[in-house]
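Step one of this worksheet: look at the structure below.
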Amino acid sequence: MKLNEAFRSLPPNYLFADISKRVGEYQAKNPQAELIRMGIGDVTRPLGPSVVEAFLQGAREQGDPQRFHGYGPEQGYGFLRQAIRGYYASFGVSLAEEDIFVSDGAKSDVGNILDLFGKDNTVLIPDPVYPVYQDTNCMDSRRIVFLNATWENSFLPMPPQEEKADLIYLCSPNNPTGAAYTREQLKEWVDFANRQGAVILFDAAYEAFIQQAEIPRSIFEIEGAETCAIEFCSLSKTAGFTGTRCGYTVVPAALVRDGMSLRQMWLRRQTTKFNGVSYPVQRAAAAVFSPQGQRECRENLKVYQDNARLISQTLAGLGIPFAGGLNSPYLWMRCPFGMDSWTFFQELLTGANLVGTPGSGFGKNGESYLRLTSFNTKEATAEAMRRLRAWMGSRR
Ligand code: PLP
């Protein structure tokens, strides 16, 4: 018997455990301290009322012998795939229903998609980025080449001159930097991938936060993407589904390599290893795309966007360099006074009772940065910014 030895060389996954440990220790010694968590990647706003109603309606059907649903189509019910199709059409992207695969969230799909690709491919992954891309490829022992996302390139790395790529991960708007690619930049990536026969794995989990019209919400807004890209999206941050679980992946019919259709392969993979998302969740998800559902989502998103604006204004007022916040719930701030990520994390915790996420946990280029999120309440965010200003003032 042989185990997957690649697990031995997986990068340690200590970031959030380390944060909890340090926060727990501090709170134990200072029980009266009221900590504000500005590092959380989870939403705080609940599902919209019309979404909850659809969810309940779906659950009621499950208790009614006339309307009960057993196994559904592995790739999702037609009503939800049509709703997603309509959503893409609203920003000018035309998809076939068969291109859309519903799942329990983007994380599973991002990991599972690797079933389609050989293990001797070379993978390009931005640094820093959502750690799942690196970890899932390490589990398969694929060769990874990191793309430096730095202040100098506005955290948006472009195709490398000399590297031959097979798989390319792009996350826009990005977690953790909040940076988002323009149309022209994505066109360069699409042309590069088509030239090389590579496949772009495009993570659009934060597309709903885009406020600038010139920033594409989908890779399929770019000409040529249908022959080189797969897109992952999620209702987690868009509609508060982090605990409800629903996402979708788009694999266009025109994406073919070595005579094999990737859409056909993904269908085969999903029908073999996945039995679909629960019926009430799919009903709730479809309600997200209704006009009322969209209004409710926009109200919640506005809370986060307003928070992000307040954080941006505070950082700008303090003269702290940062990225993100405009098309993203994430703000990526340079640690002040030349501190490294963990030193600043600890200073903020003890000096201002604020919890951020050390940037070094997202890759080597994250060192000396800290990620703040706009997912807290309006009141907590305002208080956090007051504390940050006071702490900066006390250090100067
Ligand atoms: N992709 C990115 C970039 C994320 O930041 C996250 C969650 O934080 C996900 C995917 C996972 O989304 P889901 O909740 O749909 O699994």
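For ligands, and for the atoms within them, numbers begin at 1 and follow the listed sequence. Quick caveat, the model's predicted, so the values are computed rather than measured.
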For this session: Given ring pair (Phe, Tyr, Trp, His ring centres under 6.0 Å), test Tyr77 with Tyr279 step by step and report yes or no.
Result: CA-CA 8 Å; Tyr77 282 100; Tyr279 174 75; 5.4 Å; yes
Exercise. Checking ring pair (Phe, Tyr, Trp, His ring centres under 6.0 Å) for the pair Phe155/Tyr369: CA distance, chi angles, key distance, verdict?
Worked result: CA-CA 12 Å; Phe155 303 103; Tyr369 285 88; 5.5 Å; yes
For this session: Would you please name every residue forming a side chain to side chain contact (heavy atoms under 4.5 Å, CB included) with Ala96, sequence neighbours left out?
Result: Glu98, Asp99, Arg263
Seminar exercise, completed: Expected contact list for ligand 1 at under 4.0 angstrom, heavy-atom basis, is Gly105, Ala106, Lys107, Tyr130, Tyr133, Cys171, Asn175, Asp203, Ala205, Tyr206, Ser234, Ser236, Lys237, Arg245
Exercise. Taking only residues two or more places apart in sequence, or in another chain, which ones meet Asp127 in a side chain to side chain contact (heavy atoms under 4.5 Å, CB included)?
Worked result: Phe146, Lys364, Asn365
Problem set entry | No-hydrogen, no-angle side-chain donor-acceptor test under 3.5 Å, Glu367 and Ser341 | yes
Seminar exercise, completed: For Val23, the side chain to side chain contact (heavy atoms under 4.5 Å, CB included) test, sequence neighbours excluded, returns Ile19, Leu35, Arg37, Phe345, Leu349, Val355
